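Quick note: numbers below take in every heavy atom, side chains included, and nothing from hydrogens, waters or symmetry partners. Everything quoted here is computed from the prediction, not taken from an experiment. Naming convention: chains lettered A, B, ... in sequence-line order (proteins, then strands); numbering from 1 in each chain.
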Amino acid sequence: MGFDGDRAEPCTRCILLAEIDRADEHFRITTRRSSDDLDLSLQRLGLLTAPLVLPGIADTSS
Amino acid sequence: MSGFRRVDACRRLGWEAVPARVLEAPATMYACALKSVGENSLERPLNLIETSRALRLLDRHAPGGTPPPEDASALGLPTHAGLTARLKTLCRMPEEVQAAVLDETLSFAMACEIGQLEEGPAVAFARLFRRLKTGLNKQREIVTLVSEIACRDGIDSTAVLSEPEMIRVQDAEDLDRSQKTQSIRRLVRRRRFPVLTAAEDHFHALRRRLKLGANLQLAPPRDFEGTRYTLTLSFERLEEVERLRAQLDALVRHPDFKALLTGKGRGFAGTTDP
């Protein structure tokens, strides 16, 4: 790793899905698009690994 | 940043909010890139396109434009300079080429080759190979011959692949993929080497007229380049050798055999009429 900023740790908090900009694919790696296979596990087990997000303009300005 | 599919599924299920890991400022863009790649590459094997995207993403945000090899290595990404250079081209290729790589109808090696072509021909080849699902060597043969035809005739490879006969074979409902591949290889070979394929056809017609049978095989000069023919005799018993000797005697006197031996210079043309 280059420097400490590269080791930034995320903090977990509850956010509204509507606030997540799904159109921003700048950091997208995954080629698979379909997510149908996740429905059952989400319904029965919940969200096991929280998505990783960057704060948006509204967040950073506050 | 990471978890697009999870977010989509949660939305579809009608959830309003989810726990999310928020990477707070002042995370650098490079830190975000590292996290984003690691979230995927350390969880599961990346496919070729994902590896390509990961390498590009690190390049884009690395201080100085080049990520330390230790970072790529820690993320489970390839570090060999030649390999990574080729991998990085994949995610810049046309969508259809990337799709062919993803469904494994186009190998990495072949994708790199057709990725160097203009977008039109690259897409046309990818589309063709996704339909044919043929192996690397046959793909390479088709690309080479079609490109040579296009270069010789001053047209685009797409035009060669769109010729009526090519389209007819591709769309033929009575042919399976293997038969289509064989027909297309024959078509492009005929188109690339018209004189040679005509000579081969004439030779085969002449040879059929000799009625050699199963125990006597006559092979043309290799690639029709040399002047020496090969006769192969197949036998198990002495009587068979006797019969073959008689057959050879008859062959030497056969006018078509003489025509065959002397006709190479004119591509065996004019010697096949019954």
Side-chain angles (χ1 to χ4, degrees), chain A, chain B residues 1-41 43-44 46-57 60-64 67-68 70-71 74 91 98-99 101-102:
Chain A
M1 299 268 181
F3 43 90
D4 285 348
D6 298 341
R7 296 197 187 92
E9 291 303 321
C11 65
T12 304
R13 66 175 196 238
C14 203
I15 60 171
L16 292 171
L17 280 169
E19 288 178 357
I20 299 178
D21 179 8
R22 290 185 303 159
D24 181 359
E25 300 206 335
H26 182 84
F27 288 100
R28 187 178 188 123
I29 301 293
T30 309
T31 48
R32 199 168 164 197
R33 292 275 164 184
S34 165
S35 58
D36 298 352
D37 57 318
L38 300 178
D39 287 4
L40 189 59
S41 75
L42 284 170
Q43 283 169 323
R44 294 189 68 89
L45 307 171
L47 190 60
L48 298 179
T49 308
L52 184 64
V53 298
L54 278 171
I57 294 165
D59 286 313
T60 52
S61 62
S62 61
Chain B
M1 232 181 90
S2 174
F4 288 87
R5 295 174 65 238
R6 275 166 281 164
V7 170
D8 280 347
C10 290
R11 260 177 201 261
R12 197 173 47 251
L13 292 172
W15 297 10
E16 288 189 356
V18 289
R21 288 167 297 142
V22 183
L23 206 54
E24 299 288 3
T28 64
M29 287 297 270
Y30 184 54
C32 297
L34 289 169
K35 290 272 183 206
S36 172
V37 172
E39 285 275 316
N40 291 280
S41 69
E43 286 292 318
R44 61 186 174 83
L46 300 185
N47 62 43
L48 287 167
I49 303 298
E50 290 169 340
T51 306
S52 176
R53 286 181 183 178
L55 291 167
R56 280 267 178 207
L57 188 60
R60 202 178 310 145
H61 298 298
E70 300 80 29
D71 284 355
C91 67
Q98 293 189 45
V101 173
L102 285 176

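Within the 3.5 Å criterion, the main-chain N or O of A/Ala50 finds a donor-acceptor partner in the side chain of B/Arg21. Looking at B/Arg11, its side chain does come within 3.5 Å of a backbone N or O of A/Leu17 through a donor-acceptor pair. A/Arg13 contributes no side-chain N or O that, together with a main-chain N or O of B/Val22, makes up a donor-acceptor pair within less than 3.5 Å.
A/Leu52 approaches B/Lys35 most closely through the heavy-atom pair CD2-CB, 3.7 Å.
From B/Asn40, atom CG reaches atom CZ of A/Arg28 across 9.5 Å, with rounding to the nearest 0.5 Å. The structure places CH2 of B/Trp15 at 4.5 Å from CG of A/Leu42, a figure rounded to the nearest 0.5 Å.
Per-residue heavy-atom pair counts under 4.5 Å with chain A were compared for B/Val18, B/Leu13, B/Val7, B/Thr51, and the maximum is reached by B/Val18. Counting heavy-atom pairs closer than 4.5 Å to chain A, the top residue among B/Gly3, B/Ala54, B/Ser36, B/Ala33 is B/Ser36. Per-residue heavy-atom pair counts under 4.5 Å with chain B were compared for A/Leu16, A/Asp21, A/Ile29, and the maximum is reached by A/Ile29. Note on A/Thr12, A/Leu38, A/Thr31: by heavy-atom pairs under 4.5 Å with chain B, the leading option is A/Thr31.
Between B/Met29 and A/Phe27, the closest side-chain pair of non-hydrogen atoms falls below 4.5 Å. B/Arg53 has its side chain out of reach of A/Glu25: every pair of non-hydrogen atoms, C-beta onward, lies at least 4.5 Å apart. Here the side chains of A/Arg33 and B/Asp8 are not in contact, with every heavy-atom distance at 4.5 Å or above.
Using a 4.5 Å cut-off between heavy atoms, B/Glu39 touches chain A through its side chain atoms alone. Interface residue A/Ser34: only backbone heavy atoms are found under 4.5 Å from chain B.
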Give the intermediate values and the outcome of side-chain contact (heavy atoms from CB on, under 4.5 Å) for residues B/Asn47 and A/Arg32. CA-CA 10 Å; B/Asn47 62 43; A/Arg32 199 168 164 197; over 6 Å; no

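With respect to A/Asp36 and B/Arg12, a salt bridge is recorded, a charged nitrogen being found less than 4.0 Å from a carboxylate O.
Under 3.5 Å, the side chains of A/Thr30 and B/Arg44 contain a donor-acceptor pair of N or O atoms.
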